[in-house]
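In what follows, every heavy atom counts, from backbone to side chain, and hydrogens, waters and symmetry copies are set aside. Remember, it's a predicted structure, so these values are computed and weren't measured experimentally.
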Amino acid sequence: MATDRGPAPRTPDQQPHDPALHAQRASSFGAEAAAYAEHRPDYPRDGVNWALAPVLDRPDTASDAALDILDLGAGTGKLTAVLTGLGHRVTAVEPDPSMLAELRGRVPEARALSGGAEDIPLPDASVDAVLVGQAFHWFDQEKALPEIARVLRPGGVVAALWNSDDDRVGWIAELGRISRSRVSFVEWPTTHGITAHAAFSPVESTHVPHFQRRTAESLVANVATHSSILVLEPAERDEVLGRVREFLASRPDTAAGSFDFPMVTRVERCVRTPA
């Protein structure tokens, strides 16, 4: 299942972290909630099951495969839908009202609440797992990790998943270069992953192959939902998306029809230790 692909290295032209820009990017998705729900990829079941394995394999949960799961920073429900599809009882927590409205419409079987990672609207020890799709890097981990520990039952798991383009493929790497904007190189405030915390076991990680069926226009639409594009002025945004559109039109296998867009999903997990 797993590959040996590690995280992308820091680029030499990366700029220092800008807290104001970070906050702007974190809050940029709501205005494009419908497009986000339509064009962002889901998550591979193999990766989700690997994330949940420490709980699913416990003797006390073996008789009941359905877990109580919190999807934290749930966005429009891309991960929520995978979890409910696997038969779990899911509570989705999301701070942006537009994203939350999309989630409620698309995954009505999930319980959906307004809230954030730093102040989770759930009781103590109420869930078996906390999963986070494409959002852990937006959290203030000094506040979020104690909150996650609070709502987890002992032995529960916290896991984060990130989809990334598989830039080992030549044209994917070129697309990544072409689609960069002037804010693409701003450093994240911490490591792009779960940091060590006394309430949890050491972090484990794996990488899972994934793909999404695309057309040139749907791929352009996906690029347009990324925060490094959403925060740009309209003319600058159009210029970047125009470069992407021209590049895809220049390649016979992406110019017309549909194609598989290769990705890699990085998954990190750790287990809540006894208090």
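Counting all heavy atoms, side chain and backbone alike, Gly73 lies closest to Glu94 at C-OE1, 3.5 Å. Counting all heavy atoms, side chain and backbone alike, Ala129 lies closest to Leu52 at CB-CD2, 3.6 Å. In plain terms, the two heavy atoms of Tyr43 and Val82 that are nearest each other are O-CG2, 3.7 Å. The two residues Pro44 and Val208 come nearest to each other via the heavy atoms CG-CG1, 4.0 Å. For Ala37 against Lys78, the heavy-atom pair with the smallest separation is O-NZ, 2.9 Å. Nearest heavy-atom pair across Leu103 and Ala74 is CD1-CB, 3.6 Å.
Here Arg237 does not pair with Glu239 in a salt bridge; the nearest charged N to carboxylate O distance is not below 4.0 Å. Between Asp119 and Lys143, none of the side-chain N atoms (NZ, or NE/NH1/NH2) sits under 4.0 Å from a carboxylate O, so this pair counts as no salt bridge. Under the 4.0 Å criterion applied to side-chain N and carboxylate O atoms, Glu147 and Arg150 are assigned as salt-bridge partners.
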Before giving the answer on side-chain contact (heavy atoms from CB on, under 4.5 Å), spell out for Trp138 and Ser227 the whole-Å C-alpha distance, their side-chain angles and the decisive distance to 0.1 Å. CA-CA 11 Å; Trp138 300 122; Ser227 64; 3.8 Å; yes
Could you go through the side-chain contact (heavy atoms from CB on, under 4.5 Å) check for Phe259 and Thr254 one step at a time? CA-CA 7 Å; Phe259 51 89; Thr254 58; 3.9 Å; yes
When you look at Trp171 and Leu248, which way does the side-chain contact (heavy atoms from CB on, under 4.5 Å) test go after all the steps? CA-CA 9 Å; Trp171 77 267; Leu248 296 174; 4.0 Å; yes
In sequence, state the C-alpha distance, the side-chain angles, and the governing distance for Glu236 and Asp238, and then conclude on side-chain contact (heavy atoms from CB on, under 4.5 Å). CA-CA 5 Å; Glu236 190 176 2; Asp238 291 345; over 6 Å; no
Step-by-step salt bridge (Lys or Arg N to Asp or Glu O under 4.0 Å) determination, Asp260 to Arg214: CA-CA 6 Å; Asp260 287 341; Arg214 292 290 196 190; over 6 Å; no
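A donor-acceptor pair under 3.5 Å is absent between the side-chain atoms of Thr273 and the main chain of Ser201, judged by distance alone. With hydrogens and angles ignored, the 3.5 Å screen pairs no side-chain donor or acceptor of Asp167 with any backbone N or O of Ile172. Side-chain N or O atoms of Glu109 include none that pairs as donor or acceptor with a backbone N or O of Thr84 at under 3.5 Å. A donor-acceptor contact shorter than 3.5 Å is absent between the side chain of Arg104 and the backbone of Thr76. When atom types are taken as modelled, the side chain of Glu268 and the backbone of Ile194 share a donor-acceptor pair closer than 3.5 angstrom. Side chain of Ser164 to main chain of Val264: a donor-acceptor pair is present (N/O by atom type, distance under 3.5 Å, no hydrogens or angles). No side-chain donor-acceptor contact under 3.5 Å links Arg272 to the backbone of Phe200. In this structure a side-chain-to-backbone donor-acceptor pair under 3.5 Å is missing from Arg245 to Val220. Side chain of Asp71 to main chain of Thr80: a donor-acceptor pair is present (N/O by atom type, distance under 3.5 Å, no hydrogens or angles). A side-chain donor-acceptor contact under 3.5 Å links Ser179 to the backbone of Leu175.
A tilted orientation is assigned to the rings of His137 and Trp162, their planes being inclined by 30° to 60°.
Side-chain contact of Thr195 with Gln141: a donor-acceptor pair under 3.5 Å is present, judged by distance alone. Side-chain contact check for Asp128 and His88: no donor-acceptor pair (N or O, by modelled atom type) lies under 3.5 Å. Judged purely by distance below 3.5 Å, without hydrogens or angles, the side chains of Thr225 and Arg40 pair a donor atom with an acceptor atom.
Evaluated for a side chain to side chain donor-acceptor pair (under 3.5 Å) with His210, the options Asp42, Thr265, Asp46, Asn163 yield exactly one hit, Asp42.
No side-chain heavy atom of Leu152 sits less than 4.5 Å from a side-chain heavy atom of Leu70. The closest side-chain heavy-atom distance from Leu161 to Val132 is not below 4.5 Å. Taking the side chain as every heavy atom from C-beta outward, Arg111 and Leu113 approach each other to under 4.5 Å.
Thr91 OG1 to Ile69 CD1: the interatomic distance, rounded to the nearest 0.5 Å, is 10.0 Å. To the nearest 0.5 Å, the span separating CD1 on Ile178 from CZ on Phe247 amounts to 4.5 Å. Considering CZ of Arg89 and CG of Asp68, their distance stands at 4.0 Å, rounded to 0.5 Å. The structure places CD of Glu246 at 11.5 Å from CG of Leu241, a figure rounded to the nearest 0.5 Å.
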